[in-house]
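Each chain gets a letter, A, B and so on, in the order its sequence line appears, and its residues count up from 1.
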Protein chains: 2
Amino acid sequence: MPPARRTTGATIGDVASRAGVSRATVSRVMNGLATVDPQIAARVRSAADELDYRPSAAARSLALGRTHTVGYLVPDLTNPAFHGAMRGLSLAAADEGYRVLVADSAERAADEAPLAIETRRRCDALVLCAPRMPQQELVELLPQLQPVILLNRNAEEAGLPLLNVDWASGMRDLLRHLTGLGHRRIAYLAGPPASASNTDRLSGLRNLPAGVELLELECGAMFTDGHEAAGRVLDAEVSAVMAFNDVVAVGLLGALHEFGTDVPGEISVTGFDDIPYARFTAPPLTTAAVPQEEMGRLAWQRLRAILAGGHPHDRVLIRPRLVTRASTARARSTPSGTTRSRS
Amino acid sequence: MPPARRTTGATIGDVASRAGVSRATVSRVMNGLATVDPQIAARVRSAADELDYRPSAAARSLALGRTHTVGYLVPDLTNPAFHGAMRGLSLAAADEGYRVLVADSAERAADEAPLAIETRRRCDALVLCAPRMPQQELVELLPQLQPVILLNRNAEEAGLPLLNVDWASGMRDLLRHLTGLGHRRIAYLAGPPASASNTDRLSGLRNLPAGVELLELECGAMFTDGHEAAGRVLDAEVSAVMAFNDVVAVGLLGALHEFGTDVPGEISVTGFDDIPYARFTAPPLTTAAVPQEEMGRLAWQRLRAILAGGHPHDRVLIRPRLVTRASTARARSTPSGTTRSRS
DNA sequence: TTGTAAGCGTTATCAC
DNA sequence: GTGATAACGCTTACAA
C-alpha cells in the first residue's frame, strides 16, 4: 500500500465526485475546453468553487511536461543592472502564465555551469547571464540548456539565440562625447578581467583619435571597486574617467566627493547601463543607456517562440543610447600637469 | 493509448534497466539511502552518469508533495529595498536545495491577493510583502497561504510568523538625531498613503519635543516621487527633511542639487533602509539601516522550521540602526524665515 | 458530449 | 538488500 499523504486541498477527483462527473470532464472544464455541456460545466465550476479547488501545479507539470516556469540565473541578485531585465522578464512571462525562478551564482564562476543545469531542470527555459564562464565551457554547456537565451555576452558558435549589448558601440559613443569635449587623457576603469563584456567594451576603445591617450586601470564591477579606485584615478592625472558601469561610477563619484574633487569641473565621469540611480547622482551621470526592462521582455519573446516550436537563432545586439548629463563637461584648458586637490 | 511524449532525457526506468536493477533501487541510490549494496550502488551511479540522468523535478514534486521552491512576492521587483532580502532568501534557501520563485504585483494592490495564492500554489512556502493590501483582507488571506511569512508589516491577528522592521523606532532615532543638531522645523516626505509601513513610520513621529514642528508632505516610495517633492520641500522652509526611504531621498537629493541647494548646508536630508547607494550619494546619506539580506535569511529560517514541522509564531521586529553620514548637519542659526536659493 | 484508462517520472510500502 | 506495485494529481487518446 502506498503512503496516504493528503496534505493538500481538494483534488480533481473530489470535484468530479461532487459534481457527479468524471475527472476527465473536470479537467476539460478547468482548461476551458468548449466541448462540455454548459449545464455540466456550471455544475463542475460550482463544485470546484465550493471545494476551493486549485489544480496541482506539480501534477500538471508532470502530465503536460511543462512547468510554466522560466529560470533566470545571474551572478549577483543585488546588482541593479539585472533588476530591470528581471522585471521585464517576470512581467512578460506572467502575462502568459509563466513565472520566474531566480538563481544567484554569487559571483562564483565555477558555480555558474552546475547551477545553470540545475535551474534549467526545474524550468521550461532559461535566461542565462554568466559573464565569467570560460567561453569554451559556455559553448559546450549551452546546447544542454535549451531552450535558453544568453544574456549580455556572445557565443555565436552555439547557434542559439542571444541578447547582447553592443558594448563597443556604447564605449565609442562615450569616448566620442569626451573627446568632443576636449578630453585628451582619459582613464578606463576596467571590469572584472574574466568578464566577457569588459573585453567587448575595450574593443570599442581601440583606434583612438590622434592625440588621445587611454589609461586602463584595474577595477571591478561593484560600488566598492569604484570607490577604491578614486585614488588611482586622481594619481593618473586624467581629465575624464570612463567607468565599467554605473555602479562603479557611483562608487567613484562618492569617493571623489569625499576627496573634494569637483565633478565635472576637475574630472568628467561616465558610466554604463543607465541604472535608475544614474539620473539622481550628484552630478547626474553621463552614461550609455541599456534598455534593461525591454531586454527582459525580448528574452521572454524569444523563449516563448522556442517553446511554441520555433527556432529563432537570432542574435540581437542592442545599441546603447548615449545619455549626456552633468557629470561630463568641457576639459579645462590645462588638462594635465596641474596639481589636483586631494585631501 | 496515452500520448507518447518523451521530450526529456533519461528516466529512472532507463537507468534501472541499464544497471539491471529495479527503479526502486535507483531511487534509493539517487537519494543516498544507505541500504544499498555498494557494488550495485556503483553500477547504478555509472549507469546514471552514462545516460546523463537527472531526476525529474516535476515527478519528485508530485511524489513527495514538495516542490522545493519558495515564493517571493513583492510590489516592485525593481525597488532596491527588496533586492537584499531576495538575495538573502535565495542564498539561504539554495543551501538546502530550495529555489526562489519571484512574483511582482506591479504596485497594483488589487493583484496582491490572487497573485499570492497563485504563487503559493507552486511553492512549498511564501515570503509575502504586500504593503498595500487592506489589513482585513490580509488577515483573512494569510491562513490560506501557510506556510507563509509576512514581510515588512504587521498582522498579529493572524498568529503567523512575521518579520517586520521597527519603523517607528527608526524614525525616532532619525528625529532625535536631527533635533540634536538643532533642527526645529522638519518635513516628512510620506510614503504611499495605503502603505502600512508609512503609518508605522508616522507613529514614531508623534510626541515631538517641545518647539519642534513636523510638516507632513505627500510623496511616495520611488525616485521620481522624491525628485518631484523638492519644490514643495523648499517652499516649506524647513531645515531638515526625512524621506520615506532612501530611494525617495536619492530622488530628492538629485533635485536639490539641480536647484543649487546645499545639502546639508541649507537642508539636512535623511532616508530609510540604507540601500547600497546610500553610502555613495553626494553627500552620503544619513539613514536608518535595515539589514535586508539578513531579513531574507531569517525569513528562510522561519519557513524551513515550519516545513520541518515546527510552529514558530514568533514575530520578529528588527530595530534599524542609525547611520549618520554627511547629508545631515547642524541647523543654521536662522533656520526659518530666510530666503533660500532656488533657481 | 462524456467516461475509461493509460501514462507522465518519481517515491515508498510491503513482501521476499 | 531488492523488487513489485500502488500512489502522487493531472491530461488525453480512444471508445462509447
Side-chain angles (χ1 to χ4, degrees), chain A residues 1-45 47-48 51-68 97 121-124, chain B residues 1-45 47-48 51-69 97 121-122 124:
Chain A
M1 227 170 304
R5 49 188 129 65
R6 259 285 284 290
T7 61
T8 20
T11 75
I12 198 172
D14 300 332
V15 178
S17 32
R18 184 175 241 270
V21 298
S22 74
R23 296 180 308 175
T25 299
V26 177
S27 174
R28 292 185 188 109
V29 174
M30 297 312 290
N31 294 303
L33 294 228
T35 82
V36 181
D37 181 286
Q39 301 262 333
I40 298 193
R43 214 162 71 225
V44 168
R45 256 187 286 275
L51 296 172
D52 195 29
Y53 166 71
R54 325 251 173 185
S56 147
R60 299 197 79 225
S61 295
L62 184 56
L64 291 168
R66 291 223 166 176
T67 61
H68 296 277
R121 294 269 334 148
R122 304 200 186 196
C123 302
D124 297 341
Chain B
M1 226 172 303
R5 48 186 130 62
R6 259 284 284 292
T7 62
T8 20
T11 75
I12 198 172
D14 300 332
V15 178
S17 30
R18 185 174 241 270
V21 298
S22 73
R23 295 177 309 173
T25 297
V26 177
S27 174
R28 289 193 267 261
V29 173
M30 297 311 291
N31 293 301
L33 293 227
T35 83
V36 181
D37 182 286
Q39 302 262 333
I40 298 192
R43 215 164 68 226
V44 168
R45 256 187 287 274
L51 296 172
D52 194 29
Y53 166 71
R54 326 251 172 183
S56 147
R60 300 197 78 225
S61 294
L62 184 56
L64 292 168
R66 291 224 167 176
T67 61
H68 296 277
T69 303
R121 294 268 334 148
R122 304 202 186 192
D124 297 341

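For the pair B/Arg66 CZ and C/dG9 C1', the interatomic distance rounds to 20 Å; values are reported in whole Å. A/Gln39 places its CD atom 15 Å from the C1' atom of C/dT2, with the value rounded to the nearest Å. The distance between atom CE of B/Met30 and atom P of C/dA12, rounded to the nearest whole Å, is 14 Å. In this structure, the CZ atom of B/Arg23 is 16 Å from the P atom of D/dC8, given to the nearest Å. Rounded to a whole Å, the CD1 atom of B/Ile12 is 12 Å from the P atom of D/dG3. Put simply, CG on B/Leu62 is 7 Å from P on D/dG9, counting in whole angstrom units. The distance from atom CG of B/Leu64 to atom C1' of D/dA7 is 12 Å, rounded to the nearest whole Å. Computed from coordinates, the A/Arg122 CZ to C/dG9 P distance equals 18 Å when rounded to whole Å.
Considering every non-hydrogen atom in both A/Val15 and A/Ala48, the closest pair reads CG1-N, 3.9 Å. Closest non-hydrogen pair, B/Ile12 versus B/Val26, comes out as CG1-CG1, 3.5 Å. The two atoms that bring A/Arg122 and B/Thr67 nearest to each other are NH1-O, 3.7 Å, heavy atoms only.
Nucleic acid contact for B/Arg54: sugar-phosphate only, since backbone atoms but no base atoms lie under 4.0 Å from a heavy atom of the residue. At the heavy-atom level, A/Thr25 lies under 4.0 Å from the strands shown only through sugar-phosphate atoms.
Applying the 4.0 Å criterion to OP1 and OP2 of C/dT2, one finds that A/Ser22 has every side-chain N and O outside that range. Note on A/Thr35: every side-chain N or O is 4.0 Å or more away from OP1 and OP2 of C/dT1. For D/dG9, neither phosphate oxygen OP1 nor OP2 lies less than 4.0 angstrom from any side-chain nitrogen or oxygen of A/Arg60. For D/dG9, neither phosphate oxygen OP1 nor OP2 lies less than 4.0 angstrom from any side-chain nitrogen or oxygen of A/Thr11.
Counting only distance, with no hydrogens or angles, the side chain of B/Asp14 and the backbone of B/Thr11 share a donor-acceptor pair below 3.5 Å. Side chain of B/Arg121 to main chain of A/Pro55: a donor-acceptor pair is present (N/O by atom type, distance under 3.5 Å, no hydrogens or angles).
For a distance-only test at 3.5 Å, the side chain of B/Arg28 qualifies as a donor-acceptor partner of the base of D/dG3.
Nearer the 5' end of DNA chain C, as judged by each residue's closest nucleotide, is the contact made by B/Ala58, out of B/Ala24 and B/Ala58. Along DNA chain D, the nucleotide nearest B/Val21 and the nucleotide nearest B/Ala59 are compared for position; the residue whose nucleotide lies closer to the 5' end is B/Val21.
In the set C/dT1, D/dT12, D/dG1, C/dT1 carries the atom at the smallest distance from any side-chain atom of A/Asp37.
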